[in-house]
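The next block holds one structure in the form of structure tokens; read it before the comments.
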Amino acid sequence: MKFFVDTADIDAIAELNDTGMVDGVTTNPSLIAKSGRDILEVTKEICDLVDGPVSAEVVAVDHEEMLAEGRHLAKIADNICVKVPLTWAGLKTCKALSDEGTKVNVTLCFSVNQALLAAKAGATFISPFIGRLDDLNLDGMELIQDIRTMYDNYGFETEILAASIRSANHMKEAALIGADVATAPPGVIKGMINHVLTDKGLDGFLADAKKAGIKIL
Ligand code: E4P
């Protein structure tokens, strides 16, 4: 499973990038607003920092303007992936941009039918939002599983990008289901390493090494 980092925070991306955990980055207008940076500037910096796809989201609502925004974003760098909402205007824009060779991430997916439409429109990635479904006492992970089954039934090449991930457990479940990608905030990715027995075991090894005077360098 590829890891995308769901943030526009350059320092956080750089820190994780040094560990080899960053296969790409996703942003959205809320994350760009949180960064306090100009969208074109910060997106360019992220694209320069990471090798994989960097999703940058349009803010227009109608197709013509969305397409113009998408084309403008695509000029930022070769690894830009234009993010469009799951509306008819978004799907039309997805088809047009995909036909031009631009990667497209169709976002705000909450149903199997929406994922089917996105695949047929040529989406590179479909982003089902797990956490926002869980917030409504629905089952976000069940949606990932159902889209996996449906895409596999027909051999769609659109990659399932599990989004709106809130916990390390979400990462585990997405990986077990076979999501192609999971995008998560830096803190969630960092939290995946935690295990009390690792900490306890290491404390024991280090204490014994000190007692025995073990030195390597
Ligand atoms: C990523 O592409 C999405 O925009 C993001 O994961 C949404 O997460 P949220 O539901 O925590 O805002």
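All values below were derived from every heavy atom in this structure, side-chain atoms included, with hydrogens, water molecules and symmetry-related copies excluded. Each ligand, and each atom within it, is numbered from 1 in the order the structure gives.
- Membership of the apolar cluster around Val181 extends to Phe4, Phe125, Leu161, as traced through chained side-chain contacts below 4.5 Å between ILVMFWY residues.
- Checked against side chain to side chain donor-acceptor pair (under 3.5 Å), Asp62 has no partners two or more places apart in sequence or in another chain.
- Looking only at distances, a side-chain donor or acceptor of Asp134 sits under 3.5 Å from a matching main-chain atom of Gly140.
- Side-chain atoms of Lys83 come within 3.5 Å of backbone atoms of Thr27 as a donor-acceptor pair (strictly under, hydrogens ignored).
- Using modelled atom types, one side-chain atom of Asn79 and one backbone atom of Gly52 make a donor-acceptor pair closer than 3.5 Å.
- Taking a heavy-atom cut-off of under 4.0 Å, ligand 1 is surrounded by Asp6, Thr26, Asn28, Lys83, Phe129, Arg132, Ala163, Ser164, Arg166, Thr183.
- Leu206 belongs to a hydrophobic cluster with Leu202, counting contacts under 4.5 Å between side-chain heavy atoms of Ile, Leu, Val, Met, Phe, Trp and Tyr, direct or through other members.
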